[in-house]
Colleague: 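One structure follows; several queries about it will come next.
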Amino acid sequence: MRQYIAFMKKELLEQYRTGKLLLLVIIFALFGIMNPAIAKLTPWMMDIMSEQLAESGMQVTAVEVDALTSWTQFFKNMPMALIIVLLLFCGIFTTEYQKGTLTNVVTKGMKRWKIFCAKLGVMVTVWTLGFLLSYVITYGYNAYFWDNSVAHHISAAVGCFYLFGLWLISVLGMASVFCNSTGAVMLAVGAAFAVSYLLGLFPAVKEYTPTYLMQSAGLLADLNAGEDYLWAAAVAIVLIVAGCVFSVAAFNKKNL
């Protein structure tokens, strides 16, 4: 366990030195601030646009915003934040392959499964802390400006999207075991998302796909029940666990 913790600390320090951690902190904090800011500015922007639209014969009614408007914006911004996380970490393994640095680590007695789990742990840690940062900022501003009680099942809704992010990160980890280039890793992650999304177009199976978790914003307005996402969450968890086990087994046999 000491090797695992030491290697994970080394990975986190490396991400800090390269500026990725600072960049992600800024991005998640910015998104957290943008959610209530956009909601707060929406009536003002609509008021400005109403004059121009009135000249075209269109009438804009008064727009009322509340915490629900801000939380809806939260779910619009988080996919972009997740994409940025995936882009920044898509080379976390492939860069090591190209430099041959993992060979030195293995020859010094480091178990391969510890290497894989440490790198995956770094990605999960960054996603978790970044997501939590954006969530806390949004929640705090919403409580200050409005009342979060107008949005239902907030924890369940954000939890579903957080789990969706974990699934994509596990896919990235698995793809990194088999692919030796950053581009190939991103293509594999994109393909996994596309397959899940396309399967979600079929009503019979859509509630079993991980991408269905992206639609959890419907919980905020009580348009859906938490039980509607249980199967999608269960499938995502199974895929995450199975993918990690398979990745570790494959990584143990990979030619570094």
Side-chain angles (χ1 to χ4, degrees), residues 1-21 24 82-131 162-197 199 208-211 213 231-256:
M1 187 58 68
R2 289 182 180 178
Q3 286 183 325
Y4 170 77
I5 296 175
F7 192 79
M8 189 168 177
K9 287 182 178 179
K10 189 271 292 182
E11 287 293 316
L12 286 171
L13 183 60
E14 183 177 343
Q15 301 305 320
Y16 172 77
R17 288 174 175 172
T18 56
K20 291 181 180 179
L21 286 183
L24 287 172
L82 178 56
I83 290 174
I84 294 173
V85 171
L86 296 174
L87 288 174
L88 289 178
F89 284 107
C90 62
I92 192 169
F93 281 90
T94 56
T95 302
E96 302 264 26
Y97 298 154
Q98 295 165 4
K99 294 181 179 179
T101 50
L102 288 181
T103 303
N104 297 330
V105 176
V106 172
T107 55
K108 291 181 180 179
M110 184 76 173
K111 298 295 184 181
R112 292 192 178 208
W113 70 267
K114 293 181 180 180
I115 296 175
F116 177 83
C117 291
K119 286 183 174 291
L120 187 65
V122 168
M123 292 187 285
V124 171
T125 299
V126 171
W127 166 242
T128 301
L129 295 180
F131 188 88
Y162 169 74
L163 181 59
F164 169 73
L166 289 183
W167 171 66
L168 278 184
I169 288 174
S170 69
V171 172
L172 188 150
M174 183 167 59
S176 298
V177 173
F178 296 95
C179 303
N180 293 321
S181 69
T182 300
V185 171
M186 288 309 302
L187 284 175
V189 175
F193 174 84
V195 170
S196 179
Y197 180 81
L199 287 175
Y208 299 89
T209 60
T211 45
L213 296 172
W231 278 111
V235 170
I237 292 172
V238 170
L239 289 177
I240 291 171
V241 174
C244 289
V245 172
F246 180 70
S247 298
V248 169
F251 192 66
N252 285 333
K253 298 181 180 179
K254 184 176 178 62
N255 183 14
L256 300 176

Colleague: Are the side chains of Gln15 and Leu88 in touch, meaning some heavy atoms are under 4.5 Å apart?
Modeller: no
Colleague: Kindly indicate whether the side chain of Val122, heavy atoms from C-beta on, has any atom under 4.5 Å from the side chain of Phe89.
Modeller: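 Yes; the side chains approach each other to less than 4.5 Å.
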Colleague: Can you see which heavy atom on Val171 is nearest to which on Val189, and at what distance?
Modeller: CG1-CA, 4.0 Å
Colleague: Of all residues at least two apart in sequence or in a different chain, which pass the ring-ring contact (aromatic ring centres under 6.0 Å, His included) check with Phe93?
Modeller: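 Result, ring-ring contact (aromatic ring centres under 6.0 Å, His included) vs Phe93: Phe116, Phe251.
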Colleague: State the NZ-CZ distance between Lys119 and Phe7, to the nearest 0.5 angstrom.
Modeller: 5.0 Å
Colleague: List in chain and number order the residues that pass side chain to side chain donor-acceptor pair (under 3.5 Å) with Ser196, two or more places apart in sequence or in another chain; answer none if no residue qualifies.
Modeller: Thr211
Colleague: Under the criterion side chain to side chain contact (heavy atoms under 4.5 Å, CB included), I'd like the reasoning laid out for Leu120 against Cys244: C-alpha separation, chi angles, the key distance, then a yes or no.
Modeller: CA-CA 9 Å; Leu120 187 65; Cys244 289; 3.5 Å; yes
Colleague: Rounded at 0.5 Å granularity, tell me how far CD1 in Ile237 sits from OG in Ser170.
Modeller: 11.5 Å
Colleague: Applying side chain to side chain contact (heavy atoms under 4.5 Å, CB included) to Val85 and Met123, what does each step give before you reach the verdict?
Modeller: CA-CA 8 Å; Val85 171; Met123 292 187 285; 5.9 Å; no
Colleague: Could you list all the side chain to side chain donor-acceptor pair (under 3.5 Å) pairs where at least one residue sits in residues 121-130, not counting sequence neighbours?
Modeller: Thr128-Tyr162
Colleague: How long is the span from the CG atom in Asn252 to the CZ atom in Arg112, to the nearest 0.5 Å?
Modeller: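 These two atoms lie 7.0 Å from each other.
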Colleague: Counting only heavy atoms not in Lys20 (residues, nucleotides, ligands), do more than 12 fall under 6.0 Å from its NZ?
Modeller: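 Yes, because the 6.0 Å sphere around NZ of Lys20 holds more than 12 heavy atoms from other groups.
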Colleague: Roughly how far, to the nearest 0.5 Å, is CZ of Phe164 from CD1 of Ile169?
Modeller: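 One gets 10.5 Å once the value is rounded to the nearest 0.5 Å.
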Colleague: Tell me, do Val235 and Thr209 make a side-chain contact under 4.5 Å, heavy atoms counted?
Modeller: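 Side-chain contact under 4.5 Å: no.
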Colleague: At what distance, to the nearest 0.5 angstrom, does OG1 of Thr94 lie from NZ of Lys99?
Modeller: 10.5 Å
Colleague: Which value, rounded to the nearest 0.5 Å, describes the distance between Met8 atom CE and Cys117 atom SG?
Modeller: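 Nearest 0.5 Å value for the CE-SG distance: 10.0 Å.
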Colleague: Side-chain contact test, heavy atoms from C-beta onward, threshold under 4.5 Å: evaluate it for Leu239 versus Pro210 and give yes or no.
Modeller: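 A side-chain contact under 4.5 Å exists here.
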Colleague: Taking Tyr97 for the side chain and Ser176 for the main chain, is one N or O donor matched with an acceptor at less than 3.5 Å?
Modeller: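 Flag set: sc Tyr97 to bb Ser176 pair under 3.5 Å.
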Colleague: May I ask you to check whether over 12 heavy atoms, not counting those of Phe178, lie within 6.0 Å of atom CZ?
Modeller: yes
Colleague: Got a sec: does the NZ of Lys10 have more than 12 other heavy atoms crowding it under 6.0 Å?
Modeller: yes
Colleague: Where is the tightest heavy-atom contact between Val185 and Cys179, given as atom of each residue plus distance?
Modeller: CG2-CB, 3.8 Å
Colleague: Which heavy-atom pair separates Gln98 from Ser181 by the least distance, and what is that distance?
Modeller: NE2-CA, 4.4 Å
Colleague: Grab the two heavy atoms, one from Leu213 and one from Ala236, that are nearest each other, plus how far apart they are.
Modeller: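 Here Leu213 and Ala236 meet closest at CD1-CB, 4.0 Å.
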